[in-house]
Structure formats: C-alpha cells, structure tokens
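Okay, structure first, notes after.
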Amino acid sequence: MKLRTSIFAAAVLAVAAPAAMADLAIPWLSYRTGPYSPGGIPVADGFEDYLTLLNERDGGIGGETIRVVQCETGYNTQKGVECYESTKGEGSLVYSPLSTGITYQLIPRATADGIPVHSMGYGRTAAADGTIFSHVFNFPAHYWDGASIAVNHILDLNGGDISGKKIGLVYHNSAYGKEPIRTLQELSGKHGYEVMLVPVDHPGQEQKAQWLQIRRESPDYLLMWGWGVMNSVAITEAANIRFPMENFIGIWWSGSENDVLPVGERAHGYKALALHGVGADFPVMADMQTHVLDTGLAAGDGDQVGTVLYMRGLYGAMLITEAIRVAQEMHGVSDITPEMMRDGLENLVITEELMAERGLPGFGPSFAVSCENHGGPGIGWVQQWDAEAGEWSIVSDAIQSDKSVIDALIKEDSAAYAAENNIEPRCG
Amino acid sequence: MFYREAGDFRTSYTDDSQTFPITFDRYCYFAILAVAFLVIPFLINDYWANAVLVPLLVWSMAAIGLNILTGYCGQVSLGTGGFMAVGAYACYKLMTAFPDLSIVFCVLFGGVVTALVGVLFGLPSLRIKGFYLAVATLAAQFFLVWLFNKVPWFYNYSASGQINAPERTVFGIAVTGPNVEAWAKYLFCLCFVFVFAWGARNLTRGAVGRSWMAIRDMDIAAEIIGVDPLKAKLSAFAVSSFYIGMAGAMFFANYLGAVEVTEAFGINQSFLVLFMIIVGGLGSILGSFAGAAFLVLMPVLLKNLLAGWLGWDTSIATHFEFIIVGGLIVFMLIAEPHGMAQLWRIIKEKLRLWPFPHAN
C-alpha cells in the first residue's frame with residue numbers, strides 16, 4: 001500500500017495588534033475590489049492623497065504625522081465588521097466606512113467603544129441628531145437633505161408649483177437607496193406631487209423591467225439613489241427611452257464621471273446633486289502636484305486625480321483633519337485620543353476663510369457642528385454633465401434643504417432608536 | 001500508537017454504539033470542549049469574537065442545518081440565505097414585540113418559525129427532486145428576500161429597512177446589542193451550537209436519521225421497506241430549517257447586530273453554506289464544522305497573513321485571497337471529493353496503524 005502523505009500546515013491565527021504609536025491613526029475602510037470599486041477607488045485615492053499631502057508639506061498636523069490604517073471591505077458588511085475590529089486597537093481616531101450598510105454596523109459598536117464615525121453624505125440620516133447619536137457625524141449634508149434639495153430644485157424649475165407632477169425615484173434596493181423615501185413622501189404631502197418608487201436590486205446591472213415601467217408611467221422628473229454600476233446602466237436606459245436628461249437628477253453618489261462617461265454623448269444634460277464644488281481648479285491641487293503626485297506618493301494608480309469622487313474623498317479628509325486641529329487646540333495635546341477627536345468633530349467650524357486657507361476656496365459650505373446638530377447645514381448644489389466638454393458644471397445656486405420637514409423626521413427616527421436602545425438624550 | 005484499540009474493551013451495546021467509541025477520540029472531544037468552554041472565554045477579545053469565533057459558530061450551525069437536508073436526506077437546497085432571513089426577522093420581531101422575552105426563546109422561536117416556512121417550501125420535494133428541487137428552493141430564496149424588503153411590517157417601518165438588535169440579556173449579562181462583552185457573545189453562541197450539534201449528531205444516528213439516509217440513497221427502495229417519504233422529507237426540511245433559522249437569528253442578533261436582508265441573506269450566503277458542506281463533507285456533523293472553519297477562517301487568515309504580516313497593498317491582498325481560497329477549494333475537491341470529513345476518516349485509519357503502515 002502506497003502511503004500518501006498530506007501535510008497540513010497548522011496555521012495559527014495570531015493577530016498582532018501593534019501598540020499604539022505616537023501618531024494620528026486614521027483608519028480607512030476602502031473598497032478597491034468588487035462591484036463597487038469604481039466608486040471606492042477614487043474616494044480612497046483622494047482621501048489618502050490629502051493626508052499624504054499634509055504629511056509631506058506640513059509634517060502632519062500639529063507636529064504629529066498621520067498614519068492611514070487601510071482595510072479592504074469590498075463594500076461587504078461582514079468584512080467591514082472584521083476591519084473595524086482589527087483596526088480599532090491601533091488608536092484609530094475616526095471611521096469613514098463609505099458604505100451605508102457598514103455605517104449601520106459601526107454606529108452601536110463605535111459608540112460603545114468611544115470612537116467617532118464620520119459618514120459624510122451617507123449612513124444613517126437620523127445620526128444628524130447629536131443628542132441621541134453622540135459619536136456619529138454626517139455633515140455637511142445627509143440623504144434627507146439630498147432629497148429635499150432635489151425637490152427644491154424641481155420647485156425652482158417650475159416656479160414653485162409642482163402639484164400634480166409625478167416624481168420617480170430609482171433606487172438601490174438597500175438601506176442606502178431606501179433612505180430618501182420617507183422624506184419624499186413627506187414632502188409630497190406639502191407640495192402635492194406624486195411619488196413613484198422604482199427599486200433596483202443589487203448590483204443593478206439589469207434594469208430593463210424598471211425602465212419599461214418608467215416609460216409606461218412617464219414621470220415628469222426622476223431622482224436616482226444609485227451606486228456603482230447601477231448608475232451608468234440607469235443613465236443608459238434613460239437615454240434608451242429618451243427620457244429628458246435634464247429632468248433626471250441623481251444624488252451626489254450618482255454624479256461622477258464613472259456614471260456618465262460609459263453612456264457617451266447621450267448622457268449630455270444629466271444632472272446630479274453636488275455636495276461640494278466641481279473640478280480640480282483649486283490651489284490645493286497645485287500643492288498636491290508638487291508634494292504628492294510628482295514625488296510618486298499618490299495612492300492607487302494616480303489616474304483619478306480631480307474627478308468628482310476623488311475630490312469627495314479629499315473633502316472628507318480635509319474635514320476630518322480640521323476636526324483634529326480643533327481637538328488638538330481644545331485639549332492642548334497633539335497626540336489626541338478618539339474621545340478628543342469626537343469633541344473636535346462636534347466643535348468643528350468651517351468658514352469661508354478657512355476653506356480658502358486650505359486651498360479650497362468656495363469648495364464647500366461654511367457651517368458649524370454643534371452638540372445637537374451633527375448633520376451640518378444641509379446645503380447642496382446641482383451639477384450638470386456636459387458630454388462634449390466632458391465635465392460637470394454647477395448650474396444652480398446653493399440650495400438649502402427644507403429643514404422644517406426634515407428636522408421633525410429626524411427627531412422621530414432618532415427617538416425610535418433611543419427608545420430601542422435606552423439612550424438618554426444629551427446636550428443639556 | 002494513536003487510536004490504539006488494543007485494551008479498549010467495549011462490554012455493552014451502549015459502549016459500542018456511542019458517538020466516540022475509541023477512548024483516545026473521546027478524550028480529544030472532551031479536551032476540545034473543555035478548551036472551548038473553560039479556556040477561550042478567558043482569552044477572547046473583541047477581534048477574536050467578532051471576526052473569527054462567533055461567525056464560525058453561526059456558520060457551523062447553518063452548515064449543520066443544510067447538511068441535515070442535503071447531506072443526510074439528499075434534498076438539494078439553495079434557499080439557505082432566505083431561511084436564515086426568516087430566522088433573523090422572526091427573532092427581531094419577537095425581540096421588539098416582547099422586550100421581556102428571553103433572547104434564548106427569541107432564537108429558538110426564530111428557528112421554529114423557520115421550520116414552518118421550511119416545511120411549506122419543502123412540499124414540492126414530494127414531487128420533484130434533484131436540480132428541479134434546487135430551482136424550487138432558489139425561488140424560496142428570492143421570494144423570502146423580496147418579502148422582507150417589500151413588507152415594512154417586518155422591519156418595524158424603519159426608514160432604511162435595516163433591522164437593529166436591541167440589547168438583551170441572559171442572567172443579567174448582555175448577549176446582544178452594542179455593549180456586549182466578547183466572551184458573553186461567544187459563550188451564548190457556543191452553548192446553542194454545542195447543544196444542537198449534539199442533538200443533530202444523535203438525531204442522525206437514530207431512526208429518523210436512518211429514514212433520511214434511506215431516502216437519500218434510493219427513495220423508491222426506501223418507500224418499499226416502509227419509510228414514509230412524506231414524513232422523512234418534510235421532517236428533514238423542518239429540522240434543517242430549524243437549525244438554519246437559529247443560525248440566522250444568531251447571525252443577526254449576536255454576530256452583526258444590524259442587518260439588511262438583500263446583503264446579509266442574499267443568494268451568496270446560500271452558496272457559501274452549500275460550499276461549506278461540500279468542502280467539509282456531506283452527511284457529517286464534523287464536516288459541517290470543518291467546512292465552516294475552512295470558508296470562514298481561511299479568508300481572515302489570508303488577510304492577516306498577506307496584508308498584516310507581509311504588508312501587501314490591501315486591494316492586491318484581497319484579490320490574492322480570492323485566488324488562493326478558490327484554488328484551495330478546487331484542490332480540496334480534487335484531492336478528496338468527499339470533503340474534509342473523509343480526509344479526517346482516512347487520517348484516523350492511518351493513525352491507527354502508524355507507524356506500521358503495512359500491518360494489514
């Protein structure tokens with residue numbers, strides 16, 4: 001008998017958790033793989049490049065270098081949890097999961113561990129209520145702001161009267177896509193329009209049935225809450241049924257180059273909300289060129305520089321680093337803890353002068369975060385795609401969301417969360 | 001040397017038909033139990049609980065459930081994700097509707113509700129089998145996920161359709177919710193898995209298990225010798241779904257704490273559990289654990305190895321992880337088509353003779 005030997009390497013899952021070093025650890029839960037990587041890569045690149053810029057140009061923040069702790073989630077919730085657990089021990093200051101699903105996971109966990117979460121323009125909208133969600137921030141604008149800004153834009157186009165109009169919502173059938181529904185329904189009571197819901201299941205590659213329905217019911221306007229490949233497929237299908245592009249408005253996650261370029265000329269006129277300015281024509285990008293791109297330190301392939309999502313990541317990194325400065329000042333130490341970081345985020349004040357000083361004049365709104373309001377001012381713009389020039393341009397003034405409706409909804413949802421989890425409201 | 005049976009006398013039928021008839025085997029089993037119950041809870045930290053051990057236990061439970069249906073009764077099912085969703089949503093509705101109800105009963109009732117749903121979707125198995133049944137259960141998968149997405153009652157009308165597990169305690173110690181200690185969460189899952197794995201093992205050795213296996217091996221012959229296919233198939237669906245439902249409830253309440261049906265219980269999960277029992281070994285409780293360990297731990301291990309120790313770029317490490325895990329599955333199936341449980345059986349045979357391979 002011939003003895004067949006199988007050798008099993010007994011692998012030991014030793015997880016080395018290095019002792020927290022004296023630097024500012026900022027975890028980044030990226031997704032450079034999987035079906036949502038076209039969105040995940042540019043945001044990650046922008047985020048990392050800005051932090052590299054600060055390290056290279058200024059030697060970090062307040063003399064402390066910044067260390068980005070990377071973890072790949074693939075937009076998968078379970079991997080996100082694994083990433084959170086494996087990185088939280090490294091002195092991680094603030095989490096930016098870039099996924100609404102993972103944000104929902106982290107809200108209770110991070111709050112219990114005393115680590116803040118900054119879900120910029122995504123995540124759980126009710127987290128804007130700082131009295132209940134002590135460690136979660138979603139400034140400068142959240143999904144319900146987005147829905148309201150889109151409706152306000154449609155109101156502007158129609159001279160303030162949209163009663164009897166039909167507004168469709170094409171959405172990713174997940175927590176993310178469902179977020180605006182309540183707000184749209186609530187606003188429809190106020191403005192008298194009709195809401196039509198069109199869910200698209202993950203990942204959204206196949207949307208023929210949905211667009212058949214849209215063609216049949218022919219809504220006057222269409223909103224879209226999409227991410228990843230779903231966006232470009234939807235815009236293609238809209239072009240196929242000759243839906244007027246200027247009446248098709250995406251959320252800020254559905255308004256990048258990746259979404260319109262595959263559609264070609266037919267995407268001309270497509271609109272999306274803008275969380276911040278468009279283009280890369282800002283002074284900070286000159287420094288970026290000198291200190292990061294020319295020295296070969298760029299994250300990823302360096303081919304995403306200046307795209308909408310790259311600038312989104314850069315903006316997120318900028319807001320976080322400003323909060324670090326605030327925290328350092330408040331507590332008088334440069335090597336801050338997550339709890340100090342939370343204070344920094346809560347006392348963050350962004351002014352026009354500050355934006356100009358950081359080389360991003362007029363890029364984002366000026367606002368102040370407070371104990372009660374973690375959601376920011378709720379200001380956005382509308383950007384439109386010019387297929388010939390191949391660039392986005394802002395086509396509206398700054399639009400303020402309808403806080404009278406949204407604030408009540410937020411109170412209601414956060415109160416439900418507080419009741420489920422026995423949370424006492426804070427802030428005096 | 002190991003597994004020596006000389007001097008290992010079995011003097012009664014009870015001794016002879018016990019699960020671990022070899023003394024060495026039995027002591028190993030007790031040693032593993034002792035480590036799991038008495039040592040790990042003192043050493044465990046959040047990372048080990050949330051990223052390694054709790055998912056391992058939850059997936060083992062699901063794999064045992066599917067193994068009962070597919071491995072023991074021969075009914076192919078692709079509805080595991082959907083059934084896990086039933087368990088999770090039933091558990092959630094009970095947790096929020098009756099805040100005073102113990103979480104132990106919530107998980108158990110989650111399993112019971114799933115068992116009923118499972119029997120309902122098992123009815124077609126009386127008429128169809130093989131690939132056709134797989135398609136019918138696939139329909140269950142898509143229907144259930146659609147249902148939990150569509151009907152807001154299931155997620156208590158929350159704005160985003162997410163369900164969140166509130167804090168619940170056992171003997172005053174939190175086992176769900178944000179403030180749960182790693183050891184409490186781990187022990188809670190371990191107790192469930194231990195009790196029900198033990199139950200499953202004995203169930204499959206008894207009359208019910210034999211009737212399942214008779215159906216699996218040849219349903220017409222089984223019917224001729226007096227096995228009622230209706231009872232056998234539906235009981236397999238019920239028991240299997242009960243386990244899968246409890247796995248879903250623990251997946252939601254203990255492991256993740258917040259889930260969204262499309263992502264957490266999608267078709268991917270059905271395939272994952274199916275891969276677990278195929279890689280681990282069809283018709284084996286040990287195989288369910290081995291398969292779950294392989295598919296849950298291997299990616300985590302590789303991630304820590306490639307991205308953590310070797311310091312690779314995280315995206316490259318992830319791509320390699322896919323390649324290596326996929327390659328290992330193929331290798332495993334070529335090297336041992338009957339799964340890791342069979343591999344273990346062979347090793348055991350070798351060890352009995354070692355170091356004299358030519359003894360017989």
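Proteins come first, then strands; the chains are lettered A, B, ... in the order of their sequence lines, and each starts at number 1.
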Can you tell which of [options] has the highest number of heavy-atom pairs within less than 4.5 Å of chain B?
| options | answer |
| --- | --- |
| A:Gln70, A:Arg32, A:Glu420, A:Gln78 | A:Gln78 |
| A:Pro108, A:Pro180, A:Ala175 | A:Ala175 |
| A:Glu179, A:Arg182, A:Glu412, A:His202 | A:Glu179 |

Count the heavy-atom pairs under 4.5 Å between each of [options] and chain A, then report the option with the highest count.
| options | result |
| --- | --- |
| B:Val261, B:Asn50, B:Thr262 | B:Asn50 |
| B:Ala165, B:Pro178, B:Ala49, B:Ala317 | B:Pro178 |
| B:Asp46, B:Thr96, B:Ile316 | B:Asp46 |
| B:Ala307, B:Ser160, B:Pro299, B:Gly308 | B:Ser160 |
| B:Gly257, B:Pro55, B:Pro99, B:Ala51 | B:Ala51 |

For the atom pair [atom1] ([X]) and [atom2] ([Y]), what is the distance rounded to the nearest 0.5 Å?
| X | Y | atom1 | atom2 | value |
| --- | --- | --- | --- | --- |
| B:Ser158 | A:Asp413 | OG | CG | 7.5 Å |
| B:Phe322 | A:Thr33 | CZ | OG1 | 5.0 Å |
| B:Asn164 | A:Gln105 | CG | CD | 8.5 Å |
| B:Trp312 | A:Glu72 | CH2 | CD | 14.5 Å |
| B:Asp313 | A:Ser30 | CG | OG | 8.0 Å |
| A:Ser174 | B:Asn149 | OG | CG | 8.5 Å |

Which bit of [X] is near chain B, if near means a heavy-atom gap under 4.5 Å: side chain, backbone, both or neither?
| X | value |
| --- | --- |
| A:Thr111 | neither |
| A:Asn173 | both |
| A:Tyr75 | backbone |
| A:Trp144 | side chain |

Would you name the heavy atoms of [X] and [Y] that are closest together and state the gap between them?
| X | Y | result |
| --- | --- | --- |
| A:Asn76 | B:Glu263 | CA-OE2, 3.4 Å |
| B:Gly161 | A:Lys178 | CA-NZ, 4.1 Å |
| A:Asn421 | B:Pro166 | OD1-CA, 4.1 Å |
| A:Tyr104 | B:Ala258 | O-CB, 4.2 Å |
| A:Arg109 | B:Tyr255 | NH2-O, 2.9 Å |

Verdict with reasoning, B:Glu260 to A:Thr77, per side chain to side chain contact (heavy atoms under 4.5 Å, CB included): CA-CA 9 Å; B:Glu260 176 200 331; A:Thr77 313; over 6 Å; no

What pairs with B:Cys189 under disulfide bond (SG atoms under 2.5 Å apart), at least two apart in sequence or on another chain? none

For B:Lys348, does the NZ atom sit with more than 12 other heavy atoms under 6.0 Å from it, leaving out its own atoms? yes

Checking B:Lys303 against A:Glu82 for the salt bridge (charged side-chain N to carboxylate O under 4.0 Å, His left out) test, could you report, in this order, the C-alpha distance in whole Å, the side-chain angles of both residues, the deciding distance, and whether it holds? CA-CA 10 Å; B:Lys303 190 209 129 188; A:Glu82 198 264 342; 3.0 Å; yes

Which portion of B:Phe142 sits near chain A, non-hydrogen atoms under 4.5 angstrom: neither

